[in-house]
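Letters A, B, ... mirror the listed sequences (proteins, then strands); counts begin at 1.
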Amino acid sequence: MTEKYNAKALQDKWKPVWQKAGIYKTSDDRNKEKFYCLDFFPYPSGNGLSVGHLRNYVPTDVVSRMKRMQGINVLHPMGWDAFGLPAENFAIKQGVHPTVSTAKNANNYKRQLSLVECGYDWDREVNSSEPIYYKWTQWFFLLLQKRGLAYKAKGAQWWCPDCCTILANEQVEQGKCWRCESLVEKKELEQWYFKIRDYADRLIDDLELINWPDRIKKMQENWIGRSEGSEVIFKAVNPSTGLEAEIPIFTTRVDTIFGVTFMTIAPENPLTEKLVTPENKASVDEYIREALRKSEIDRLSTEKEKTGLPTGSYAINPFNGDKIPVYVGDYVLASYGTGAVMAVPAHDERDYAFAKKHNLPIKIVIAPPDADKDNLPELYTEYGVLLNSGDFSELSSEQAILKMNEWLESSGNGTKKINYRFRDWLISRQRYWGAPIPMVNCEKCGSVPVKEEDLPVLLPDIKEFKPGVNGKSPLADIPEWVNTTCPECGGPAKRETDTMDGFACSSWYFLRFINPKLEDKPFNREDIDFWLPVDLYVGGAEHAVMHLLYARFWTKVMYDAGLVSFKEPFKQLRNQGMMLAADGTKMSKSKNNVITPDEMVEKYGADALRAFILFLGTFELDVAWSDEGIRGMNRFVNKVYDMVSANIPAGSNKTDSKSEADLKRMIHKTVKAVSNDLENFSFNTAVARLMEMTNMMQDCLKESGFSATAIWKEAVDTLLKLLAPITPFLAEELWEMVGNKGLVHTQKWPVWDEKELVETVITMPVQVNGKLREQIELDADATAETARKIAEEQPKVQKHLEGMEVVRFIYVPKRMVNFVVKPAK
RNA sequence: GCGAGGAUGGCGGAACUGGUAGACGCGCUGGAUUUAGGAUCCAGUGGGAAACCGUGCGGGUUCAAUUCCCGCUCUUCGCACCA
């Protein structure tokens, strides 16, 4: 008996060989078809990789390997999303500089990826926190700024009064700071924004161009939240002060406007203050303070009762001149539409609830189609027919909306309007660990961009990088860095001290992999034209809106600027499912149930781990880790090793045995199935097919002398080539052992011949009334008559035909036969 | 509430344009080997003694439905007072 499979020995043996051969290097050959395969830009966390991450990295590696063997020019790079809050927080916790901790973490990721032999072209490694990289992130900022897509504005953000810092939305839990648990509040700060809203329609429309999961496309659409309606201007009067103001409101149901009985404005709306009358001031002020303190979760809860107070002012409905009271209510969002709504209790559930509570009138102006006009429902929210609506009565809702919009525009009381739910992208971060925003504030010239030739604006190397006080970045405390000269007038000026959101770095990294070292531009146009867009993009569904939306936005800006020739960066997107712990809960450090690649490679080797990750379940769905399962995969790897090594193919004689024909068909069947399965992300079935083929090969070996046949040699070679992307070490070792030349990974991927798949004799089911009764062996091209004759001869079939009349006989060639019978008279 | 998925043995999961449901693996049972355990190998494994029954539930179309249609239940995931 030959030696046993030894994972560690094979890993040590082949890694240096492959490295030397450079099998993962991207070729410069422009005549070959290209394939750009990309994994989501990972933040190298201090925890390192768990086996869960491998559900992302192993599949892309497998596909890349197959494509390479198919003679395709593959680009499969890796880099680090190293800037950002998590990296900075980790560094603060560890008490080291983020440059040090991110480098260490990235190296650990790299080591772990190599452990399972995920083959990247490491010559193209990028790190978003290095000046050579973020110089271009800043350059893109200037591009957006130049194109009028970057602006500075006051915006309310979560502020923790104890930590003296702005918090990101996800750092606020139940209205409290995640660190010190003090109540957070909104604070106005001047911030930089990107005008992503200008691209809203294109971000929706171009979803058609890409092959992404419908779920993700839908999520982006919902996030953008396009909504067509009308903007109507109500005139408001404060009876105490005599102040007049215009309150614009947004509505999608202008057809209900004759039913308006009050109006509600958001507490944050600046108009609130102006409209509140002296006798209401105390209570309204208190209400506003209360509202500002509430967490978003509390305020937006649908279950919550609708609270509000009268301001004392009234507004005038431009359609009918009705005077209606103006309320302040926190169920109206300041950030959506105009921060004020018209309220139609009869035709909107929220308004209805509010009206009931505050005893406000309900005026019915829409009747359901075919409704009894004398008995109309008090609340009806669908489209219908208008009544009590002046000249617009009797119109359908659809018609009324058109006509009313026309009236609004001609009378100057409003306009047709499209609203979007999502906000412009706030990119300012008052933190140290990010790309400095390349702007300078000059007393004379205002906000001035840094000159391109002065990029990068280097992040100063400082010891104290904890979030600063007063909502300012720690950079603000470094006068020698802050104080500079104005690029316009040369006078004294101060640098912008905020850094950019980490999502800016990941909005263009897929372009940098093409020319990672280029110093005078972000990328080379010719190379971009060849490699982009990304053909296959794989990562978790948690980035469905943020990163994927931002990257699409930047790409469109670059397209408009003539920098690239494609509108969408990622042609095909796939999301892997999560890896849960064996008990079905999430893997987490605190629960101490994280399984690492390190321990599994140690125990079973990279081959078994890779194959198991693929086999465990459907790619897109969540699966639970299984210790028994990987042992089974270990069995399979050993089985293949033993079978091949103990039966070194001689490839000499030929037999005419049935096994030979069956095995030949199995070879072609497996090549076809595995090729298609890997292409379609059906990795679990691809592994299953390889197991089936192995099982059959073992059956064949029961015939003595089979391993000397030519077909055995063909089967072994094919099996090893198909296994190569999945279990690279096993395949390479056996490839050498059976005496083949060269590396298995540089072999040509096998192709199947449809002709070899055709079976001449079919095992065919015989049904009586749709129920399986017997199976017969039948020539594939048998006629219906022959099939029927043979089927009728079967005793088991006869039993069921006895005393019956055959009403119909169905023959589907190569599939089945069916007798339709009924009792004979 | 809105939107998108999903429901198949003890478990993870297969099944092409409707055509032998349960591929493949785990687990389990029996056997071989072993001082024993583990590991390995061989055989069996949806339920039922059988007729038959079986793809969440109830209908329908069809010679034939996991697959198509109608009506439900449960479940996962997004979004959630967006006017």
Peer 1: If you measure from the Lys or Arg side-chain nitrogens to the Asp or Glu carboxylate oxygens, is any gap between A/Lys4 and A/Asp642 under 4.0 Å?
Peer 2: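 Yes, A/Lys4 and A/Asp642 are salt-bridged.
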Peer 1: Counting only Watson-Crick pairs (N1-N3 plus N6-O4 or O6-N4) and G-U wobbles (N1-O2, O6-N3), all under 3.5 Å, who is the partner of B/C57?
Peer 2: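 The base-pairing partner of B/C57, which may sit in any strand shown, is B/G71.
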Peer 1: State the pairing partner of B/A4; accept Watson-Crick or G-U wobble contacts with both distances under 3.5 Å, and report none otherwise.
Peer 2: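 Paired with B/U76.
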Peer 1: Does A/Gln775 reach a base, just sugar-phosphate, or nothing at all? Heavy atoms under 4.0 Å.
Peer 2: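 If one applies the 4.0 Å heavy-atom cut-off, A/Gln775 turns out to touch a base.
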Peer 1: Base, sugar-phosphate alone, or nothing: which one does A/Val820 contact when heavy atoms must sit under 4.0 Å apart?
Peer 2: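 It contacts sugar-phosphate atoms only.
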Peer 1: Just call it for A/Gln767: base, sugar-phosphate, or nothing, with non-hydrogen atoms closer than 4.0 Å on any strand.
Peer 2: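 Base, at least one base atom sits under 4.0 Å.
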Peer 1: Indicate, with yes or no, if the rings of A/Trp625 and A/Phe612 have centres closer together than 6.0 Å.
Peer 2: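 That pair passes the under 6.0 Å test.
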Peer 1: For A/Gly632, which contact category applies under a 4.0 Å heavy-atom criterion: base, sugar-phosphate, or nothing?
Peer 2: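 Sugar-phosphate only.
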Peer 1: Which nucleotide, in any strand shown, forms a Watson-Crick or G-U wobble pair with B/G9, with both distances under 3.5 Å?
Peer 2: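 Partner of B/G9: none found under 3.5 Å.
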Peer 1: Verify the distance criterion only: is there a donor paired with an acceptor across the side chains of A/Tyr331 and A/Thr264 at less than 3.5 Å?
Peer 2: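 Side chains of A/Tyr331 and A/Thr264: pair found under 3.5 Å.
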Peer 1: Checking base pairs now: Watson-Crick or wobble, both atom distances under 3.5 Å. What partners B/U45?
Peer 2: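 Looking at the geometry, B/U45 pairs with B/G27.
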Peer 1: Rounded to whole Å, please give me the gap between CH2 in A/Trp223 and P in B/C79.
Peer 2: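 About 7 Å, once rounded to whole Å.
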Peer 1: Looking at A/Arg215, does any N or O in its side chain come under 4.0 Å of the phosphate oxygens OP1/OP2 on B/G5?
Peer 2: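 Checking A/Arg215 against B/G5: no side-chain N or O falls below 4.0 Å of OP1 or OP2.
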Peer 1: Whom does B/A39 pair with, Watson-Crick or G-U wobble, provided both distances fall under 3.5 Å?
Peer 2: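 B/A39 is unpaired by these criteria.
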Peer 1: Categorize A/Arg773 for me: base, sugar-phosphate, or nothing, with a 4.0 angstrom heavy-atom threshold over every strand shown.
Peer 2: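 The answer is sugar-phosphate, as A/Arg773 gets under 4.0 Å only of primed atoms, P, OP1 or OP2.
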Peer 1: Would you kindly give the NZ-to-P distance between A/Lys814 and B/C16, to the nearest whole Å?
Peer 2: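 Answer to the nearest Å: 19 Å.
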Peer 1: Give a yes or no on whether A/Glu208 atom CD has more than 12 heavy-atom contacts from other residues, nucleotides or ligands under 6.0 Å away.
Peer 2: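 Not more than 12 within 6.0 Å, no.
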Peer 1: So what does A/Ser626 touch, heavy atoms closer than 4.0 Å: a base, only the sugar-phosphate, or nothing?
Peer 2: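 No contact.
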Peer 1: Without decimals, in angstroms, what is the distance between A/Glu542 CD and B/C79 C1'?
Peer 2: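 Value for this atom pair: 17 Å.
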Peer 1: Looking at A/Asn684, does any N or O in its side chain come under 4.0 Å of the phosphate oxygens OP1/OP2 on B/A14?
Peer 2: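 Yes.
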Peer 1: A/Trp212 CH2 to B/G78 P: how many Å, rounded?
Peer 2: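 From A/Trp212 CH2 to B/G78 P: 18 Å.
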Peer 1: Would you indicate what A/His800 reaches in the nucleic acid, counting non-hydrogen atoms under 4.0 angstrom: base, sugar-phosphate, or nothing?
Peer 2: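 Touches sugar-phosphate only.
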Peer 1: Look through every strand shown and name the nucleotide pairing with B/C16 as Watson-Crick or G-U wobble, where both distances are under 3.5 Å.
Peer 2: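 Across any shown strand, B/C16 pairs with none.
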Peer 1: Which nucleotide in the list B/A14, B/C26, B/C79 gets nearest to the side chain of A/Arg635?
Peer 2: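 Nearest listed nucleotide: B/C26.
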Peer 1: Can you establish whether the number of heavy atoms outside A/Trp752 located under 6.0 Å from its atom CH2 is more than 12?
Peer 2: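 Atom CH2 in A/Trp752 is crowded, with more than 12 foreign heavy atoms closer than 6.0 Å.
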Peer 1: Which whole-number value in Å describes the distance from A/Met816 CE to B/C63 C1'?
Peer 2: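 Roughly 8 Å, once rounded to whole Å.
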Peer 1: Considering Watson-Crick and G-U wobble pairs with both distances under 3.5 Å, what does B/A51 pair with?
Peer 2: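 Paired with no nucleotide.
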Peer 1: Considering every strand and a 4.0 Å limit on heavy-atom distances, what is the contact class for A/Leu616: base, sugar-phosphate, or nothing?
Peer 2: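 If one applies the 4.0 Å heavy-atom cut-off, A/Leu616 turns out to touch the sugar-phosphate alone, with no base involved.
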Peer 1: In terms of the angle between their ring planes, are A/Phe809 and A/Tyr811 parallel, tilted or perpendicular, with boundaries placed at 30° and 60°?
Peer 2: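 Geometry flag for A/Tyr811 against A/Phe809: parallel rings.
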